[in-house]
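Structure first, commentary second.
Predicted model, so just to flag it, every value in this text is computed and none were measured.
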2 protein chains.
Amino acid sequence: MSPKVIDETTLHAREEEIMQTALEIISELGVAGLTIDKVVARLPYSKGTIYNHFTCKEDLLTGLCNRSVENVAALFERAITYDGSSREKMLAVGYAYMLHSQLNPTEFMLVISAKTPSVREKSTEKRQEEHLELENRLLGGLLKVISSGLASGELNLLPHLSPAQVAFSLWSMSFGTIALLHESLDRCSVRVEMQLERELINHSNILLDGLNWQPFTQDHNWQETIERFKKELFADEVQQLRAQSAPT
Amino acid sequence: MSPKVIDETTLHAREEEIMQTALEIISELGVAGLTIDKVVARLPYSKGTIYNHFTCKEDLLTGLCNRSVENVAALFERAITYDGSSREKMLAVGYAYMLHSQLNPTEFMLVISAKTPSVREKSTEKRQEEHLELENRLLGGLLKVISSGLASGELNLLPHLSPAQVAFSLWSMSFGTIALLHESLDRCSVRVEMQLERELINHSNILLDGLNWQPFTQDHNWQETIERFKKELFADEVQQLRAQSAPT
DNA sequence: TTATTAAGTGACGATGCGTCACTAAAAAAT
DNA sequence: ATTTTTTAGTGACGCATCGTCACTTAATAA
């Protein structure tokens with residue numbers, strides 16, 4: 001059964017297989033329901049083999065988290081190709097983040113879980129570094145748009161505000177909005193009235209206005225821009241989302 | 001040892017005692033390190049008694065979370081007593097939130113953990129309702145300030161934006177900023193350059209400008225306002241924070 | 001004094017984690 | 001062709017933790 005040396009490709013494929021199975025378990029039973037024994041039960045590998053890939057449950061979680069961030073980064077990179085103003089591109093990135101969180105609710109929650117110290121501390125050094133690299137890739141996308149906004153004069157940087165700070169403000173706003181309106185978190189009385197897409201666009205517009213990034217909210221038809229996002233950038237994702245909420 | 005009927009006050013006191021012990025364990029060992037057995041070991045009560053108060057570990061976590069939200073609410077209520085403009089009061093609330101997160105990092109993380117479905121699902125109905133009530137109390141404070149801003153004309157509500165939406169935008173922005181810059185989360189290369197107090201004030205100002213809430217950032221000395229917060233509202237808390245970071 | 005009943009106890013079965021002594025089989029050495 | 005080496009893979013095991021439940025304790029009622 002076991003050759004002396006295993007193919008690098010096979011190794012990676014199996015790692016993927018393990019993560020996929022873990023993700024399915026989490027979707028069904030929640031993060032707390034994830035058990036190495038359950039993963040083993042669903043796969044033709046033994047516990048020892050699983051532990052050859054991941055040092056512990058937490059390491060597996062971080063692996064899943066990274067896989068998710070990788071997908072987000074790819075979406076961001078698509079978002080910034082939007083044919084429009086720099087502010088529209090910025091909005092596209094936020095919209096991409098939201099789409100991702102809706103299409104992969106389990107994975108979005110995972111990113112929060114994986115940042116928890118108890119999870120992080122136990123993860124491999126290697127996987128933690130990988131995580132930082134991925135986050136930088138995310139921010140790289142944002143910084144590109146900010147530079148182009150500055151270059152075109154559409155964004156007038158406020159005094160004492162660096163491009164990194166602008167990127168961070170958009171990130172944290174999007175993160176907070178999505179996290180608090182996330183379907184798997186509970187809803188308080190205010191939250192039930194809130195709809196993720198609408199609020200995220202609102203918050204983005206408020207923030208971008210406050211950042212002095214033109215065209216301002218009242219000077220542009222943003223609903224039209226969103227429609228174009230749906231058609232030109234994220235047709236597949238929007239389709240999937242419809243399929244997800246409509247059926248049965 | 002055991003009377004037939006136990007005093008309501010004693011009961012509550014013991015509940016507090018259990019939560020306090022749990023919090024200490026979490027501070028030392030992280031959320032994952034919390035174990036009912038460890039709680040039992042540190043207290044003169046048996047496991048069965050603990051389980052008379054909390055149905056499971058998760059219920060205990062939610063209890064801790066609620067205790068924390070209660071403290072935040074009290075801080076908020078103090079914040080809105082600030083003698084100044086409505087925008088200053090709004091900033092005071094955000095500042096209070098931040099202070100709380102710095103003074104009680106463990107508890108701030110707990111609120112995130114406790115919102116996780118795996119924790120929430122297992123908690124008592126009673127404690128979940130309690131949680132919703134507490135969150136409403138939080139938002140109540142924000143809504144009060146928003147009304148006064150509207151009444152005084154300092155806040156000009158943008159079209160299609162309700163007071164609740166304004167409150168939510170501030171909440172989610174603060175939450176996102178604090179969560180991403182939280183000391184117990186890991187830092188990516190951008191995050192290391194970011195300082196919580198400075199960024200939170202920046203983000204608040206950007207958002208409040210974008211919301212069209214006067215006086216605008218450039219028309220007021222906000223640093224001075226912050227200094228007054230520290231002296232007039234949160235002298236104790238600032239003192240504690242200094243004591244916490246300085247010693248050793 | 002006895003009966004009742006709420007409060008408290010801790011041993012126990014069940015589950016999950018991560019390890020390690022062992023097996024299997026490919027490649028290398030003879 | 002046979003033996004040796006080496007690496008991948010296995011799963012039973014020891015340990016920790018969870019939540020339960022049959023039982024004890026002691027205050028109140030009868």
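Taking only side-chain atoms of B/Arg14, from C-beta outward, the nucleotide of C/dT9, D/dT17, C/dG8 with the closest atom is C/dG8. When distances are taken from the side chain of A/Thr49 to each of D/dT10, C/dG10, C/dG18, the shortest belongs to D/dT10. Which of C/dT9, C/dC17, D/dG19 sits closest to the side chain of B/Cys56 comes down to D/dG19. Side chain of A/Tyr51, nearest nucleotide from C/dT9, D/dG19, C/dT19: C/dT19. Distance from the side chain of A/Lys47 is smallest for C/dC17 among the nucleotides C/dC17, C/dG10, D/dT10. Comparing C/dG10, C/dC17, D/dG9 by their closest approach to the side chain of A/Asp37 singles out C/dC17.
One can place NE2 of A/His53 at 6 Å from P of D/dG9, the figure rounded to the nearest angstrom. At whole-Å resolution of the value, CG in A/Asp7 and P in D/dA8 are 12 Å apart. The CD1-P distance, from A/Ile36 to D/dG11, rounds to 16 Å in whole Å. The CZ-P distance, from A/Phe54 to C/dC17, rounds to 15 Å in whole Å. If you measure from atom CG of B/Leu29 to atom C1' of D/dA16, you get 14 Å, rounded to the nearest angstrom. For the pair A/Ile18 CD1 and D/dA8 C1', the interatomic distance rounds to 13 Å; values are reported in whole Å. Rounded to a whole Å, the CG atom of B/Leu60 is 15 Å from the C1' atom of D/dT17. The separation between A/Leu43 atom CG and D/dT10 atom C1' is 15 Å, rounded to whole Å.
Within 3.5 Å, no donor on the side chain of B/Lys57 pairs with an acceptor on the base of D/dG19, nor the reverse.
There is a side-chain donor-acceptor pair under 3.5 Å between A/Lys115 and A/His131.
Across all strands, B/Leu34 comes closer than 4.0 Å only to sugar-phosphate atoms, never to a base (heavy-atom distances).
Using the six-membered ring where Trp is involved, A/Tyr95 and A/Phe229 have ring planes that are tilted, between 30° and 60° apart.
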(request) Show your working on side chain to side chain donor-acceptor pair (under 3.5 Å) between B/Thr177 and B/His203 and close with a plain yes or no. (result) CA-CA 8 Å; B/Thr177 306; B/His203 293 183; 2.9 Å; yes
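With respect to the salt-bridge test (charged N to carboxylate O, under 4.0 angstrom), the residues B/Asp37 and B/Lys47 qualify.
A heavy-atom distance below 4.5 Å is not found between the side chains of B/Val93 and B/Leu170.
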